[in-house]
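What you see is a predicted model; the values in this text were computed from it and never measured. One-based numbering along the sequence shown.
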Amino acid sequence: MSELKVELVAADRQVWQGEASMVSARSIDGDLGIMPGHTPLLAVLAAGEVRIETSGRTESVSIDSGFLSVDHDRVVIVADNVDAAGLSTPAETA
């Protein structure tokens, strides 16, 4: 199965980077679930939780607002403020 390349970026730093099987977030229009093969998308995110499912683990952060883009199995999440207390792994460099 293919994987998503995911980048989670706060205004002042890269928070997390790696591969994932699914990304879940809340947009201003409702909840989103992104899996490999998803059509291109640009969404404005509402304050709430972003979940990144990796092999055997779910990473979770809280954001205040931001946006999410999807294109060719690459997901970029940009937020002003990210509370990364739920992350079990630091930002990876790939």
Taken in chain and number order and not counting sequence neighbours, the residues that satisfy side-chain hydrogen bond (donor to acceptor under 3.5 Å, both in side chains) with Asp31 are Arg26
Residue set satisfying side-chain hydrogen bond (donor to acceptor under 3.5 Å, both in side chains) with Asp73, at least two apart, ordered chain then number -> none
dist Ile34:CD1 -> Thr39:OG1 (nearest 0.5 Å) comes out at 7.5 Å
Rounded to the nearest 0.5 Å, the CD atom of Glu3 sits from the CE atom of Met35 at a distance of 10.0 Å
Can you name the closest pair of heavy atoms from [X] and [Y] and give their distance?
X: Phe67; Y: Leu42; value: CD1-CD1, 3.8 Å
X: Pro36; Y: Ser21; value: CD-O, 3.3 Å
X: Leu32; Y: Ala43; value: CD1-CB, 3.8 Å
X: Ala84; Y: Val61; value: CA-CG1, 3.9 Å

Partner of Leu68 under side-chain contact (heavy atoms from CB on, under 4.5 Å), picked from Ile63, Leu41, Val78, is Leu41
For residues 74-86, the salt bridge (charged side-chain N to carboxylate O under 4.0 Å, His left out) pairs (sequence neighbours left out) are Glu7-Arg74
Within-4.5 Å side-chain heavy-atom neighbours: Trp16 and Leu87: yes
For residues 49-56, dump all side-chain donor-acceptor pairs below 3.5 Å to protein atoms at least two apart in sequence or in another chain.
from	atom 1	to	atom 2	distance (Å)
Glu49	OE1	Arg51	NH1	3.3
Glu49	OE2	Ser60	OG	2.4
Thr54	OG1	Arg57	O	3.1

